[in-house]
Amino acid sequence: MGKGGMSIDDNGEDKEQNMAAWLLGINNLKIQPFKLPILGPHDVRVRMKAVGICGSDVHYLKTLRCAHFIVKEPMVIGHECAGIIEEVGSEVKNLVPGDRVALEPGITCWRCDHCKQGRYNLCDEMKFFATPPVHGSLANQIVHPADLCFKLPDNVSLEEGAMCEPLSVGIHACRRANIGPETNVLIMGAGPIGLVTLLAARAFGAPKTVIVDVDDYRLSVAKSLGADDIVKVSTNIQDVAEEVELIQKVMGAAINVTFDCAGFDKTMSTALGATQAGGKVCLVGMGHSEMTVPLSPAAAREVDVIGVFRYMNTWPLCLEFLRSGKIDVKPLITHRFGFSQKEVEEAFETSARGGTAIKVMFNL
């Protein structure tokens with residue numbers, strides 16, 4: 001379950017010491033020993049090879065919280081990951097040592113109504129990597145359920161495997177909004193989640209995609225990834241009405257679905273205003289825990305607001321999109337670091353600064 005750091009052999013002797021990146025306080029990350037739990041019959045031990053930094057990791061480092069999740073004790077960070085199987089439990093039949101795998105980071109109860117109905121991402125008992133109090137995966141090795149480890153196709157790299165986690169957010173959002181060849185898509189925010197949502201929407205067949213951001217560089221990246229058009233906007237909420245008109249003009253057709261991948265008052269207000277009557281606004285980003293937005297006018301036009309929380313059953317489709325070349329996530333990986341104390345600190349500062357950094361990746 002991703003909880004540890006010293007492997008013990010059959011004779012009770014210490015093997016290689018397992019090390020992990022521990023969040024000890026605000027802006028305080030230290031590589032320290034991490035003891036692995038006993039390998040269960042349905043578990044595998046995985047040597048981590050690629051771990052990405054997510055915005056939530058940076059939030060935890062800077063504030064010790066993300067949304068309503070609060071770090072109250074030392075926690076291993078990281079949840080976007082892929083690695084190589086080193087050991088399998090006695091009942092594991094589908095994986096063998098040496099297999100390269102991408103890991104889905106959430107362990108559910110499989111007993112509650114949400115799990116039984118297939119919406120396991122809503123499970124109240126979810127144990128998710130690097131979500132307090134559960135430890136994450138930025139470590140030499142972790143133990144994880146075999147059914148949450150997905151074998152990589154031969155032509156998919158370990159880094160691409162780690163990118164299945166953020167890509168899953170975009171895949172799940174597109175499923176929630178029923179994206180297809182008849183849905184024109186607007187995306188608010190060209191950060192990592194906005195960009196993977198763009199890639200997913202195109203893979204699902206969206207005929208036209210327009211992406212909006214305040215940053216020229218990120219808009220240029222979106223354009224290079226296949227966005228049909230880009231729109232630069234301000235941070236001033238007074239500009240919403242004017243920008244809605246501009247966005248609609250640039251789309252040149254009805255905006256059927258808007259994904260707000262930022263989650264601020266202004267982005268959500270713009271999304272609600274720009275989306276056609278009878279359309280859908282999908283809230284993906286969590287910039288603000290509370291927002292003030294013009295819901296009544298949107299309701300009068302029967303604009304549906306759809307929530308998105310993580311994902312469910314997305315890894316097989318992610319891997320198929322990557323295998324087939326229908327989605328290419330490699331351009332999103334802009335910075336790479338090793339796993340030393342200095343490099344861990346530099347990697348998180350690089351991710352936090354933003355700028356030209358989109359996805360920062362550790363190679364362990």
Side-chain angles (χ1 to χ4, degrees), residues 163 166-215 218-233 240 243-264 266-287 293 298 301-311 314 317-318 320-322 324-329 331-332 358:
M163 288 296 292
L167 180 58
S168 284
V169 177
I171 296 290
H172 182 58
C174 285
R175 283 175 170 171
R176 290 275 288 151
N178 294 319
I179 300 302
E182 296 181 321
T183 43
N184 296 316
V185 170
L186 172 66
I187 298 170
M188 305 298 300
I193 294 300
L195 294 174
V196 293
T197 302
L198 166 66
L199 294 175
R202 285 172 49 80
F204 273 72
K208 189 165 186 180
T209 54
V210 174
I211 193 162
V212 174
D213 202 278
V214 299
D215 185 84
R218 297 208 167 192
L219 287 172
S220 71
V221 173
K223 189 68 174 174
S224 72
L225 292 174
D228 293 292
D229 273 300
I230 55 177
V231 178
K232 186 178 181 181
V233 294
V240 166
E243 289 171 356
V244 163
E245 288 188 18
L246 174 60
I247 291 165
Q248 290 173 330
K249 182 179 179 181
V250 169
M251 179 66 79
I255 298 171
N256 307 114
V257 173
T258 300
F259 294 102
D260 182 358
C261 296
F264 297 110
K266 183 170 187 279
T267 54
M268 194 61 175
S269 296
T270 304
L272 291 168
T275 305
Q276 72 162 12
K280 300 173 184 174
V281 172
C282 207
L283 181 55
V284 185
M286 295 193 299
V293 296
R301 296 187 298 115
E302 293 195 352
V303 175
D304 294 339
V305 177
I306 298 171
V308 169
F309 185 63
R310 293 175 178 155
Y311 34 68
T314 51
L317 183 57
C318 286
E320 175 55 25
F321 278 152
L322 295 174
S324 66
K326 204 166 186 179
I327 287 180
D328 182 8
V329 294
L332 298 180
I358 297 175

Counting N and O atoms only, with roles assigned by atom type, does the side chain of Arg218 sit under 3.5 Å from a partner on the main chain of Ile358, one being a donor and the other an acceptor?
no
Do the non-hydrogen side-chain atoms of Val212 and Glu243 ever get within less than 4.5 Å of each other?
no
Quick one: side chains of residues 177-198, donor-acceptor pairs under 3.5 Å with protein atoms, not counting sequence neighbours, listed by atom name and distance.
unit_1, atom_1, unit_2, atom_2, d
Thr183, OG1, Gly180, N, 2.8
Thr183, OG1, Gly180, O, 2.8
Asn184, ND2, Ala254, O, 3.1
Thr197, OG1, Ile193, O, 2.7

Identify the two heavy atoms, one from Ala274 and one from Ile255, that lie closest to each other, and give their separation to 0.1 Å.
O-CD1, 3.6 Å
Would the number of heavy atoms belonging to other residues, nucleotides or ligands and lying under 6.0 Å from CD of Glu245 be above 12?
no
To the nearest 0.5 Å, atom CE of Met286 lies from atom CZ of Phe309 at 6.5 Å
Mind jotting down which residue pairs meet the salt bridge (Lys or Arg N to Asp or Glu O under 4.0 Å) criterion with at least one end in residues 194-214? Sequence neighbours excluded, please.
Lys208-Asp229
A side-chain contact here means heavy atoms from C-beta on lying under 4.5 Å apart; do Thr275 and Lys280 qualify?
no
Any Val257 side-chain heavy atom under 4.5 Å of Ile306 side chain:
no
Which atom pair, heavy atoms only, marks the closest approach of Pro207 to Asp228?
O-OD2, 3.8 Å
Under a 4.5 Å cut-off applied to non-hydrogen side-chain atoms, are Leu332 and Leu199 in contact?
yes
Mind checking the CG-CD1 spacing from Leu225 to Ile211? Nearest 0.5 Å is all I need.
8.5 Å
Closest approach of Gly226 to Thr209 (non-hydrogen atoms, all atoms of both residues):
O-OG1, 4.0 Å
Taking every heavy atom of Ala173 against every heavy atom of Phe259, the minimum-distance pair comes out as O-CE2, 3.5 Å
Distance from Phe204 atom CZ to Ile327 atom CD1, nearest 0.5 Å?
8.0 Å
Determine whether Lys266 and Val233 make a side-chain contact, defined as any pair of heavy atoms from C-beta on separated by less than 4.5 Å.
yes
Nearest-0.5 Å distance, SG of residue Cys282 to NE2 of residue His172
8.0 Å
Could you measure the distance from the CG atom of Leu283 to the CZ atom of Arg176? Nearest 0.5 Å is fine.
11.0 Å
Would you name the heavy atoms of Val281 and Ala271 that are closest together and state the gap between them?
CG2-O, 3.7 Å
With side-chain contact (heavy atoms from CB on, under 4.5 Å) as the test, pick out the partner of Asp260 among Thr267, Val284, Val293.
Thr267
Atom CE of Met163 and atom CG of Leu322: how far apart are they, to the nearest 0.5 Å?
9.0 Å
